[in-house]
S.K.: 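Quick one: the structure is below, questions incoming.
Starting from 1, each residue takes its place in the sequence as its number. Note that the coordinates shown come from a computational prediction; the quantities given were computed from them, not determined experimentally.
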Amino acid sequence: MLLEAIFHQPKRNWAYAYDKDTIRLRLRAKKNDLTEVYALTGDKYAWEETRNIVPLTKFTSDSMFDYYEGEVKPPYRRLKYAFLLKSGDEQIWMTETDFQEEEPDDPGRMFQFPYIHAGAVFTPPAWVKDAVFYQIFPERFANGNPAINPEKVEPWGGEPTPFNFFGGDLQGVMDHLDYLSELGINAIYFTPIFEATTNHKYDTEDYLRVDRHFGDADTVKRLVKLCHERGIRVLLDAVFNHSGKTFAPFLDVQKHGAASKYKDWFHIHEFPLTVKDGIPTYETFGFEPHMPKLNTENPDVKAYLLEVAEYWIKEIGTDGWRLDVADEVDNAFWRDFRRVVKAANPEAYILGEIWNESSSWLQGDQFDAAMNYPFTAAVNAFFVEDKMHAEQFAHAIGRQLSRYPLQASEVAFNLLDSHDTPRLLTLCEGDQRKMKLAALFQFSYMGAPCIYYGDEIGLDGEHDPWCRKCMEWDEAKQDRELLSFYQKLIALRHAHPALRAEGTVRFLQARAGGSQLVMERKSDTERILVLFNRSEETAIVELEAGDQPWTELFESNHRTALNNGVLAIELPAYGYAVMRTELAEQY
């Protein structure tokens, strides 16, 4: 037993309240080292009366470690605990202070979860567990009101550049809500809609005004109302890390310099505001002079931005915020932001744009979720780019699951591309077989999947600006077969709770050097196997099937045979299968 590899701490994702009655405990150990793990639990004020042994099960693994988890419902919301670790005939106890051979009899030396405070339990909005998001870049989705077109608007479907406009607006979105409903979408994430000078609108001029080329506040109200009537939630994009160069306070600083009453709204190193050797004399997003960084520690800045955060939720009725460059804004601001937004709507979804490991933002005091780019990277590396074999992919997913509390993983924002990346079909070099495998995994995995507008009808495009081309509305130019695939995929997810947050995640096959992957999703009522063959060769996957009958859930050209309790599935090149059975008692 390698004690140096064993890790636990009584906080973060290692010991956390899942709900007002339940504490989940996790422990890390060297891969394949332990055979059994238990938690010795009880109340510190009534130890003998409440003492209990709780088994922990291996819930995921990565390349070096196994991760065990168990659930405890302490009768008085307090918990003292230690761990019993077994490796074959060897066993040892782990307390907060040391490892020991004898069972600890002093709760004072054990780990502690002091108390479950119901109001402090991290509770993301439940609706996100069932959400299928669709990301819309408003300027490029549909032109519904030519009367508000920008000057020099170009014909729809022309070549995108970083600077041109095609006249997309919010009326255009309203005109196509039936399309989204028929696709199966029940949540929309809009990139910024506020007044700005660019086509992407990440350089905000006025946070309380809709861009004049998109509509106005009444337009947004109508859009939200129409969406809600269809059961579609609406997520807006806020840029609180930086403003645009035409933001009134920044214009005032440019004009009045050190005498401006807004000079402390920004991080200014010297006056006048200028650029020296490519570096602005004030802090910005990256080194972009037209995106000055806001000082969110300034009380006036904070008050203004929190007013913005509340207004669009409370007055307009939107369902949450996606927060741009969220990791570069101070954490105290985000804690105040959460309090304001959740007071306006407790079910609002707060999503941070963070490209890396995000656990410090996902403790219940800041965000509900982060854009799951580590998931994106792993899925694309295995299914699209052939940079991982199956075992490496399973390890990457396992590592990600181990980092966050369960409730954060249940509402993770799982994307495969966006306005900041090449499109999925382009990453696949036009090979729809790879694209379908990646999408199938995305839609059968825990968390909320998001489609970038147009992926479902075959839009391609390299990095910005090519990934921001106009949506194609001419059905003759759409890939209708691909659209049908996405419709069926979304319907599959909606129909089966095991494929959403209610289902556990386990890899039944993910071999070193292998190209086949078998993922099990299991709820209280059903067991679903999702099989992938990311190979140019036909593959046969054999699995212990039990006695229950299995049915196919999704379109496929695989062949299946069941002999003596063994399910043999022949998968063609880049083939897949989705099999379901009623949950037998032994599972």
Side-chain angles (χ1 to χ4, degrees), residues 55 57-61 69-71 129-130 132 184 379 382-383 390-391 393-394 397-398 401 406 409-410 414 436-449 484-511 514-535 538-572 574-587:
T57 57
K58 186 191 302 185
F59 81 98
T60 195
S61 300
E69 185 172 56
E71 190 173 275
K129 299 177 184 180
D130 300 321
V132 174
V379 172
F382 177 65
F383 291 105
E391 184 183 56
F393 174 70
I397 294 296
L401 283 173
L406 175 60
S409 295
E410 290 175 337
N414 296 333
K436 289 179 177 180
L437 288 183
L440 176 59
F441 186 87
Q442 178 192 26
F443 276 81
S444 55
Y445 183 69
M446 181 183 296
S484 176
F485 171 85
Y486 269 94
Q487 287 175 317
K488 293 174 183 176
L489 189 57
I490 294 169
L492 174 73
R493 182 177 178 86
H494 286 324
H496 294 280
L499 296 179
R500 306 194 300 274
E502 293 184 30
T504 59
V505 177
R506 186 163 66 120
F507 292 106
L508 303 185
Q509 181 173 312
R511 295 171 181 159
S515 299
Q516 290 73 50
L517 183 77
V518 180
M519 178 173 64
E520 177 193 68
R521 300 300 315 276
K522 186 175 64 174
S523 70
D524 292 338
T525 59
E526 61 182 347
R527 182 185 183 214
I528 295 177
L529 303 181
V530 190
L531 300 89
F532 307 86
N533 178 28
R534 189 224 58 196
S535 169
T538 297
I540 297 177
V541 178
E542 294 186 343
L543 299 163
E544 293 293 332
D547 299 325
Q548 295 291 106
W550 289 82
T551 58
E552 298 179 10
L553 287 184
F554 196 58
E555 61 175 39
S556 175
N557 55 355
H558 65 272
R559 292 190 295 176
T560 306
L562 181 61
N563 296 305
N564 299 321
V566 175
L567 191 66
I569 302 176
E570 182 181 290
L571 298 172
Y574 292 98
Y576 50 83
V578 183
M579 311 294 296
R580 178 190 181 274
T581 187
E582 296 289 337
L583 193 58
E585 247 179 64
Q586 64 263 34
Y587 296 114

S.K.: How far apart are the closest heavy atoms of Arg511 and Gln509, and which atoms are they?
M.R.: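 Distance-wise, the nearest heavy atoms are NH2-OE1, 3.5 Å.
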S.K.: Please name the pair of heavy atoms, one in Val379 and one in Ala438, separated by the smallest distance, quoted to 0.1 Å.
M.R.: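 So the minimum-distance heavy-atom pair works out to CG1-CB, 3.9 Å.
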S.K.: Between CD1 of Ile569 and CG of Leu529, what distance do you get to the nearest 0.5 Å?
M.R.: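 Interatomic distance, Ile569 CD1 to Leu529 CG, rounded to 0.5 Å: 7.0 Å.
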S.K.: Yes or no on ring-ring contact (aromatic ring centres under 6.0 Å, His included) for Phe485 and Phe554, after CA distance, side-chain angles and deciding distance?
M.R.: CA-CA 10 Å; Phe485 171 85; Phe554 196 58; 5.6 Å; yes
S.K.: Given side chains that start at C-beta, do those of Thr560 and Glu570 come closer than 4.5 Å, heavy atoms only?
M.R.: no
S.K.: Measuring only between side-chain heavy atoms, which start at C-beta, is Glu552 closer than 4.5 Å to Val578?
M.R.: no
S.K.: Determine, step by step, whether Phe443 and Leu492 satisfy the side chain to side chain contact (heavy atoms under 4.5 Å, CB included) criterion, reporting the C-alpha distance in whole Å, the side-chain angles of both residues, the deciding distance to 0.1 Å, and the verdict.
M.R.: CA-CA 9 Å; Phe443 276 81; Leu492 174 73; over 6 Å; no
S.K.: Drop me the distance from Ser484's OG to Glu555's CD, to the nearest 0.5 angstrom.
M.R.: 6.0 Å
S.K.: To the nearest 0.5 Å, tell me how far Asn533 CG sits from Thr538 OG1.
M.R.: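 The distance works out to 7.5 Å.
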S.K.: Check this for me: does any side-chain nitrogen of one of Arg580 and Glu526 sit under 4.0 Å from a carboxylate oxygen of the other?
M.R.: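 So Arg580 pairs with Glu526 through a salt bridge.
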S.K.: Measure the spacing between CZ of Phe393 and OG of Ser515 and express it to the nearest 0.5 Å.
M.R.: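 Atom-to-atom, Phe393:CZ and Ser515:OG are 13.0 Å apart.
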S.K.: Using a 4.5 Å cut-off on heavy atoms from C-beta on, say whether the side chain of Leu553 contacts that of Ile528.
M.R.: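 Yes, close enough: below the 4.5 Å cut-off.
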S.K.: Are side-chain heavy atoms of Met446 and Arg521 found at a separation under 4.5 Å?
M.R.: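 A side-chain contact under 4.5 Å exists here.
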S.K.: List the steps and the verdict of side chain to side chain contact (heavy atoms under 4.5 Å, CB included) for Glu520 and Arg506.
M.R.: CA-CA 5 Å; Glu520 177 193 68; Arg506 186 163 66 120; 3.0 Å; yes
S.K.: Check Ala439 against Leu489 and note the closest heavy-atom contact, atom names and distance.
M.R.: O-CD2, 3.6 Å
S.K.: Taking only residues two or more places apart in sequence, or in another chain, which ones meet Tyr445 in a ring-ring contact (aromatic ring centres under 6.0 Å, His included)?
M.R.: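 Checked Tyr445 against ring-ring contact (aromatic ring centres under 6.0 Å, His included); matches are Phe375, Phe441.
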S.K.: If you round to the nearest 0.5 Å, how far is OG of Ser444 from CG of Leu531?
M.R.: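 Going from the CG atom of Leu531 to the OG atom of Ser444 covers 10.5 Å.
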S.K.: Nearest 0.5 Å, please: how far is NZ in Lys436 from OH in Tyr576?
M.R.: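 Tyr576 atom OH to Lys436 atom NZ measures 5.0 Å (nearest 0.5 Å).
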S.K.: If we only count heavy atoms from C-beta on, is the Phe382 to Arg534 side-chain gap below 4.5 Å?
M.R.: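 A side-chain contact exists here, since the closest heavy-atom pair is under 4.5 Å.
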S.K.: Quick one, Val530 with Val518, criterion side chain to side chain contact (heavy atoms under 4.5 Å, CB included). Give me CA distance, side-chain angles, the key distance, then yes/no.
M.R.: CA-CA 6 Å; Val530 190; Val518 180; over 6 Å; no
S.K.: For Tyr486, what residues pass the ring-ring contact (aromatic ring centres under 6.0 Å, His included) criterion, not counting sequence neighbours?
M.R.: none
S.K.: If you define the side chain from C-beta out and look only at heavy atoms, does anything of Phe507 sit under 4.5 Å from Leu517?
M.R.: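 When only atoms from C-beta onward are counted, Leu517 and Phe507 do touch, with a gap below 4.5 Å.
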S.K.: For the pair Phe59 and Val505, evaluate side chain to side chain contact (heavy atoms under 4.5 Å, CB included) and give the outcome as yes or no after the intermediate values.
M.R.: CA-CA 8 Å; Phe59 81 98; Val505 177; over 6 Å; no
S.K.: Could you tell me which non-hydrogen atom of Leu499 sits nearest to which non-hydrogen atom of Arg493, and how far apart they are?
M.R.: O-NH1, 3.0 Å
S.K.: Where is the tightest heavy-atom contact between Pro549 and Thr581, given as atom of each residue plus distance?
M.R.: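 Taking every non-hydrogen atom into account, O-OG1, 2.9 Å.
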S.K.: Would you say the side-chain atoms of Gln442 and Asn414 include a donor-acceptor pair closer than 3.5 Å?
M.R.: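 The answer is no; no qualifying pair exists.
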S.K.: Closest approach of Glu582 and Thr525, non-hydrogen atoms and distance?
M.R.: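 Taking every non-hydrogen atom into account, OE1-O, 3.5 Å.
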S.K.: Could I get the full list of side-chain hydrogen bond (donor to acceptor under 3.5 Å, both in side chains) partners for Glu542, not counting sequence neighbours?
M.R.: none
S.K.: Under 4.5 Å between any side-chain heavy atoms of Leu437 and Tyr574, yes or no?
M.R.: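 The answer is yes, as the side chains (C-beta and beyond) meet within the 4.5 Å cut-off.
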